[in-house]
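Numbered from 1 within each chain, the chains take letters A, B, ... in sequence-line order. Because the structure is predicted, anything quoted here is derived from the model rather than measured.
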Amino acid sequence: MHPRFEDTILYYMQLSKNYTPSDTEGKWNDHWEKQRYFNSRPDGRPSFTVVIPPPNVTGVLHMGHTLNETVQDILIRNARMRGYNACWVPGSDHASIATEARVVGMLKEKGIEKSQLTRPEFMKYAYEWKDKYGGIIYDQIRRLGCSVDWERVAFTMDADYYASVIKVFVSLYEQGLIYRGARMIHWDPQAKTALSDEEVEYRDEQGRLYYVDYAIVDKSGRPTGRKVTIATQRPETIMGDTAICVNPSDPRYTDLSGLFAVVPLVHRQIPIIFDEYVDPAFGTGALKVTPAHDINDYNLGLKHGLPIIDTLNEDGTLSPAAGVFIGMERFAARNAVIKQLKVEGLINKEEDHLTRLGYSQRTHAVVEPRISTQWFVRMKALAQPALKAVTEGYIHIHPGDKFMATYKYWLENVEDWCISRQLWWGQQIPAWYAPDGTFRVAATRDEAYRLFSAPDGSRPPFGAGQLRQDGDVLDTWFSSWLWPIEVFKGITNPGNADIRYYYPTSVLVTGQDIIFFWVARMIMAGLWYSPESLPMEKRIPFRHVYFTGMVRDKQGRKMSKSLGNSPDLLALIEKYGADAVRFGIMIASPAGNDLLFDEAALEQGRNFNNKLWNAMKLVKGWETRLAASGDPTPFPVRWFENRLREARATIEQLFAEFRLSEALKTLYSLIWDDFCSWYLEWVKPGFEQPVDAMVYRRTVGFFEQLMQLLHPFMPFISEEIYHLLADRPEGDDLCVKQFVTEGAADADILAEGQLLKDVITALRDARNKAQLKPKEQVDLYIQTGLKSTYEHIGPILCKQVNASGICMPDTLPGGTLTVVLGKDKFAMVTARILDDDKQKEEMRKELQYLKGFLESVNKKLSNERFVQNAKPEVVDLERKKKDDAEAKIKILEESLT
RNA sequence: GGGUCGUUAGCUCAGUUGGUUAGAGUACUACCUUGACAUGGUAGGGGUCACCGGUUCGAAUCCUGUACGACCCACCA
């Protein structure tokens, strides 16, 4: 006996008017988990594996996550119901810089500066933060109905996971793919760390261009009276200038050869250099070169052997090397420099200038180009196979190839990846420095110490305790790129049973915004760390990538905290129910398209819940008044059986193409229109009339199948209704009920059903237009060549258009409500006199339309080239259209006279 | 500057290899509350498929170009 089924009868008697999600969702979550339906272990079935894109432990889930998790759950539940061993691994990402920035902010509010804390003290706060927000995220995932295996929760800073990251670092270093060096990198002065190129976001902004005069002197420093004006947006960097550069072909400046310029404010003498790089048309055609603070200037400096003067501290204040305004914040310093230059009369012009500024993705501080010693991954070697995996079709990207070009371009032009971060929250870089500054890379201090030994085995002249570990941590993506492997311990315990069974994962569902950060790098890592003996299709981390779009608000704006347009997921679940939230977010969300989030869609989902609930109440209500079965299978049952087969095939096809919102739309229409509006109305008995027992049994069967199809999308209500429809033995839950394959649909029966629907609609329309009240009964006469068809759909037709009965005479009675559909003509005789003129008016309109239609068809058919070139079936179709239209016109014209 | 994608009903979107005078949801209009559901029922109105040109018997669909929009990439101070 099902654990809660003893209450069913009582529960049924109390069935509420509307569906109440909060009564069922917690109950089913508990039940599914207790039955361990979501827990997966390798077995003989094929695996279907999804690893969750681990949310950052920085806060709560937003609507973008909601969309991604819903898509994943639909795929996982569908697979679970189709014979796969479905495994969905949940987890979260430590999100190094993002979390550290939030923790620092939280501490600041408490009046604690990070600089006052030791590293272990800080880590303690960070772990507390992680536990708090990780818990919130997991609760949200559960409330949404996500069928993840909670025994497989992974976190990118778990001990094993940490070890895997270190192991990968060491091995890439040993393979020469990681190096340490001084390079120009992007610096976040707020977080005081280096960033990768990908972590910088650019925004167009209105800047200002200042024209500054530099005096020209000869090589012994004597004034020449000549001056050069340069244009700059960053006057605060002039103290770092080490040259002035002009284009060698620029006639305005040829005389400057061999002369020097004097840097304003600091009065340092710098050379004039010549390089094609300078565009004579921009500004004044003269460029100040500041190698420490601009990537182009850095490259110019390298080429011309210029010194580098770093005038900024790590926090963005001016360093002693600046000589003036030391310690002043960079933007304040800019204003101070401008003011001083004006005092000295050296600024002769200012103008607005559109520019692009780089911001730190996480702290939103303006980044500084900065020369700094960091760790890098050589990307070229890793990129090659990753490119091949996608271009050669081992990994399929959905939708279509929309992102292929982007992916290809990035990999073909990829730069080395700066992976060191000057932070504490993350995996600490396993490099160990001797007192003399040399280092070795190893997973442990002892191992590193051993590496310092001379080739003859003699010990180094210092103790292991004197080794100092690199203080930096690794970029968070340097750990998450291992996610699909290490959640199955594929790096810390290679070749184990899990990794062999679950890897490669089946599909990765994620936002298109992290295609470079994560998707491309996971492919690199997957290929690099899978045994080379395996074929490509076993080394890729996933077979399909499903990109979801960005969730925006109704007005198309990005969801953000500052705009306050990002709804709270739990509040939405409270208000509409988890199924309705899932429905609402999926219904208008084709892969890769941005989704304009509108609560109206959730309302539609809630209404759909209610519709299902009431249909269940209707069907359950028949249970107590069953009559013995009469006829062979009645028409509505035969029709819906085939309609269901047809829709099932469509839905399976849409799943195969990852067109999930289309599948949901198909299902929605199947349930609401075909099942509720047509089928149930056709088989519904009159008030307090008995129901054919076989019809009841078949109807319950249909309902179950519909709930099964719906289950991946709306798991809670479908499971609830499944159990309310019948008593179920232990373990018979929709959640794990396997789909059965059925035969093909019978096209003839579907066509008859369509005819019936069309006739009903046409007759109802005529009744409406004649302003007949629903209660006014008519006598129905039909003139048709399909008498046998109308004989078996007749009773339904009568009920649906409120006719007392049907006659099929050779000629129809006059003075009636007349309807023409195809080659059939219908007449409804009413108890009262109808407005004949109005009816004729309708018929004339119809006639006019038909004549236009016929004309267009005739035009085609009289075109010889059409008849010659078009496919025969197309021509036949046109001929048929012509016949039908002519027949209908004839009937209409007869009726009018 | 380079690239990708998009433009179909008031709004959000389908429209499969070119072939019924273009479909759905939502919004809108009219009518309907006695028996599943007004979070509902029945029916209806609504589109020159962004624009110009081309290919074709035939174009929302294929091709040139234009306009507008979104996104990505790029070292022009």
Salt bridge present between E776(A) and R767(A) (N-O < 4.0 angstrom): no
Using a 4.0 Å heavy-atom cut-off across all strands, classify [X] as base, sugar-phosphate, or nothing.
X       : result
K665(A) : sugar-phosphate
Y277(A) : base
C245(A) : nothing
L877(A) : nothing
N863(A) : sugar-phosphate
Q604(A) : sugar-phosphate
V278(A) : base
A231(A) : base
R606(A) : base
S669(A) : nothing
G556(A) : nothing

Which residue lies toward the 5' end of RNA chain B, Q848(A) or K288(A), if each is placed at its nearest nucleotide?
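Between the two, 5'-proximity favours Q848(A).
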Map R356(A) and D594(A) onto RNA chain B by nearest heavy atom, then report which one ends up closer to the 5' terminus.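 Residue closer to the 5' terminus by nearest nucleotide: D594(A).
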Taking only side-chain nitrogens and oxygens of [X], does any of them come within less than 4.0 Å of OP1 or OP2 of [N]?
X       : N      : result
K773(A) : C32(B) : yes
K775(A) : C32(B) : no
N593(A) : A14(B) : yes

Using a distance-only criterion (donor-acceptor N/O pair, under 3.5 Å, no hydrogens), is the base of [N] paired with the side chain of [X]?
X       : N      : value
K611(A) : C37(B) : yes
E681(A) : A36(B) : yes
N18(A)  : U39(B) : yes

From [options], pick the nucleotide closest to the side chain of [X]?
X       : options                : answer
S856(A) : A36(B), U21(B), A77(B) : U21(B)
T761(A) : U42(B), C37(B), A43(B) : A43(B)
R552(A) : G19(B), C71(B), A43(B) : C71(B)

Notebook entry, point to check: When rounded to the nearest Å, what value does the distance between P atoms of G53(B) and C13(B) take?
Noted result: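 It comes out at 30 Å once rounded to the nearest Å.
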Separation between the C1' atoms of G18(B) and G3(B), rounded to whole Å: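 Per the computed distance, 29 Å lies between those C1' atoms.
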Look at the side chain of D213(A) and the backbone N and O of T229(A), then say whether any donor-acceptor pair between them is shorter than 3.5 Å.
-> no
Return yes when atom CD of E412(A) has more than 12 non-hydrogen atoms of other residues, nucleotides or ligands closer than 6.0 Å, and no otherwise.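 Yes, the 6.0 Å shell around CD holds more than 12 heavy atoms from other groups.
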